[in-house]
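Note that the numbering runs from 1 along the sequence shown for the chain. Just the heavy atoms: all of them, side chains too, but no hydrogens, waters or symmetry mates, feed the values below.
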Amino acid sequence: MNKVAFILAIFLCLTPLCVNAENTVDTGVLDVAQVENKEPVQDEIVENILKQRNVQKPSAHLNYDYKSTKTTPIRFSIKERIKSEADVYEGQIIEFEAQSDVYYKKQLKVKKGDTIKARVGTVITSGMNGIPASIIFDNFEIPNVKKGQVQDTFEVFGQDRSLFVFPLKWALTILPPTGSLTNFIMGGHVKIKEGKVFTMYYHPEWL
């Protein structure tokens with residue numbers, strides 16, 4: 001009888017705990033359901049600003065063939081001599097002159113003597129070990145030719161002395177530190193004489 005009474009007492013003690021646990025689980029489930037039933041929060045930035053803007057998609061140039069390899073050379077020379085990269089500054093407008101007529105489908109696009117303008121985009125001074133100076137021209141303006149139909153930039157270099165500096169450096173490594181003395185050999189300056197002809201290519205089917 002004592003054992004039966006002891007087991008009965010344990011059962012009576014555990015019953016309220018089980019009921020409370022079930023209530024707790026049920027309450028948690030109800031809380032989740034209440035959260036899911038709540039209305040979504042509206043984004044005021046989207047509603048008040050972004051939805052009021054009309055965004056237009058850029059037009060696709062379906063008639064243009066950017067894979068076309070058809071090119072026509074444009075030959076030109078500078079009007080005023082450049083003695084060194086120090087003679088120009090970035091942003092300066094330089095004038096060139098077309099050296100020959102340029103035709104496309106029997107239509108004259110560039111006439112000999114036409115002025116071609118370009119901007120000095122970047123000036124790079126000469127470096128050690130014979131690395132040459134250079135001038136990068138960009139933003140070309142060619143009569144009857146759109147900007148997208150020619151290359152974006154055109155770079156002119158000075159004399160590249162690294163072609164003999166590096167072999168000389170390796171030859172002198174057996175006599176240290178004479179090889180390091182070649183570091184002080186500077187590259188050539190950019191010199192563009194009048195009449196020196198350059199060539200860039202016109203891509204008529206790009207635009």
Side-chain angles (χ1 to χ4, degrees), residues 56 58-169 181-207:
Q56 296 181 353
S59 56
H61 303 307
L62 301 179
N63 297 327
Y64 307 148
D65 185 4
Y66 292 102
K67 295 182 180 179
S68 173
T69 57
K70 184 178 294 184
T71 59
T72 301
I74 300 177
R75 295 180 174 85
F76 57 95
S77 63
I78 199 165
K79 286 188 175 183
E80 295 185 8
R81 179 184 179 185
I82 295 178
K83 299 179 182 179
S84 169
E85 66 278 0
D87 292 343
V88 298
Y89 57 88
E90 295 181 356
Q92 181 179 355
I93 302 300
I94 302 296
E95 291 188 349
F96 298 87
E97 182 178 340
Q99 293 297 304
S100 59
D101 295 337
V102 177
Y103 287 88
Y104 176 66
K105 292 184 178 180
K106 298 181 180 181
Q107 184 179 12
L108 181 63
K109 303 296 293 185
V110 181
K111 184 179 180 181
K112 181 179 179 179
D114 281 351
T115 298
I116 298 174
K117 294 182 179 180
R119 180 181 61 189
V120 178
T122 307
V123 178
I124 303 174
T125 58
S126 58
M128 302 174 69
N129 288 311
I131 304 300
S134 66
I135 300 174
I136 301 177
F137 299 97
D138 60 18
N139 197 33
F140 280 85
E141 295 180 4
I142 305 175
N144 302 318
V145 175
K146 298 178 182 179
K147 292 183 178 180
Q149 293 178 322
V150 293
Q151 59 198 73
D152 297 331
T153 61
F154 186 84
E155 189 169 5
V156 182
F157 296 90
Q159 184 184 29
D160 187 358
R161 295 171 183 163
S162 64
L163 299 177
F164 69 86
V165 169
F166 285 106
L168 180 62
K169 180 189 291 292
L181 297 177
T182 59
N183 295 340
F184 300 99
I185 300 177
M186 305 297 290
H189 297 289
V190 178
K191 298 179 181 180
I192 306 177
K193 298 180 180 180
E194 296 179 36
K196 180 176 175 59
V197 178
F198 299 99
T199 303
M200 66 188 314
Y201 292 91
Y202 162 53
H203 301 260
E205 295 182 352
W206 278 9
L207 286 175

> On the ring face of Phe198, is Lys196 found with NZ or CZ under 6.0 Å from the centre and within 45° of the axis?
Replying inline: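 Flagged: Lys196 positioned over aromatic ring of Phe198.
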
Restricting to non-hydrogen atoms, name the atom on [X] and the atom on [Y] that form the minimum distance, rounded to 0.1 Å.
{"X": "Pro132", "Y": "Gly158", "result": "CB-O, 3.6 Å"}
{"X": "Pro167", "Y": "Ser162", "result": "CD-O, 4.0 Å"}
{"X": "Thr199", "Y": "Arg75", "result": "OG1-CG, 3.6 Å"}
{"X": "Ile94", "Y": "Ile78", "result": "CG2-CD1, 3.7 Å"}
{"X": "Met200", "Y": "Ile142", "result": "SD-CD1, 4.3 Å"}
{"X": "Thr182", "Y": "Asn129", "result": "O-OD1, 3.6 Å"}

Return the [atom1] to [atom2] distance between [X] and [Y], rounded to the nearest 0.5 Å.
{"X": "Ile135", "Y": "His189", "atom1": "CD1", "atom2": "NE2", "result": "11.5 Å"}
{"X": "Thr71", "Y": "Tyr202", "atom1": "OG1", "atom2": "OH", "result": "11.5 Å"}
{"X": "His203", "Y": "Thr72", "atom1": "NE2", "atom2": "OG1", "result": "9.5 Å"}
{"X": "Arg81", "Y": "Lys191", "atom1": "CZ", "atom2": "NZ", "result": "7.5 Å"}
{"X": "Lys147", "Y": "Gln151", "atom1": "NZ", "atom2": "CD", "result": "15.0 Å"}
{"X": "Asp114", "Y": "Ser100", "atom1": "CG", "atom2": "OG", "result": "10.5 Å"}

> Is the closest basic N to carboxylate O distance between Lys79 and Glu97 below 4.0 Å?
Replying inline: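 Looking at Lys79 and Glu97, the cut-off is not met.
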
>> Closer than 4.0 angstrom, basic N to acidic O: yes or no for Lys70 and Glu205?
In response: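 Answer for the salt bridge query: yes.
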
Can you find a pair of side-chain heavy atoms, one from [X] and one from [Y], that are under 4.5 Å apart?
{"X": "Val120", "Y": "Tyr89", "result": "no"}
{"X": "Lys112", "Y": "Gln99", "result": "no"}
{"X": "Phe137", "Y": "Val156", "result": "yes"}
{"X": "Ile74", "Y": "Ile116", "result": "yes"}

Would you say the side-chain atoms of [X] pair up with the backbone N or O of [Y], donor to acceptor, closer than 3.5 Å?
{"X": "Gln149", "Y": "Lys146", "answer": "yes"}
{"X": "Glu85", "Y": "Val190", "answer": "yes"}
{"X": "Asp138", "Y": "Thr153", "answer": "no"}

>> For the residue pair Ser77 / Lys193, report whether a side-chain donor-acceptor contact shorter than 3.5 Å exists.
In response: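 The criterion, which ignores hydrogens and geometry beyond distance, is not satisfied for Ser77 and Lys193.
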
>> Could you tell me if Ser134 and Glu155 have a donor-acceptor pair between their side chains, going purely by distance under 3.5 Å?
In response: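 Their side chains do contain a donor-acceptor pair, which is all the 3.5 Å distance test asks for.
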
>> Set out, in order, the CA-CA distance, both residues' side-chain angles and the distance that settles side-chain contact (heavy atoms from CB on, under 4.5 Å) for Glu141 and Arg119, then state yes or no.
In response: CA-CA 9 Å; Glu141 295 180 4; Arg119 180 181 61 189; over 6 Å; no

> So Val110 and Asn144, side-chain contact (heavy atoms from CB on, under 4.5 Å) or not? Walk me through it.
Replying inline: CA-CA 7 Å; Val110 181; Asn144 302 318; 5.8 Å; no

>> Surrounding CZ of Phe164 (heavy atoms of other residues, nucleotides or ligands, distance under 6.0 Å), is the total greater than 12?
In response: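 Count over threshold, so yes.
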
>> ring-ring contact (aromatic ring centres under 6.0 Å, His included) for Phe154 and Phe76? Distances and angles first, verdict last.
In response: CA-CA 12 Å; Phe154 186 84; Phe76 57 95; 5.7 Å; yes

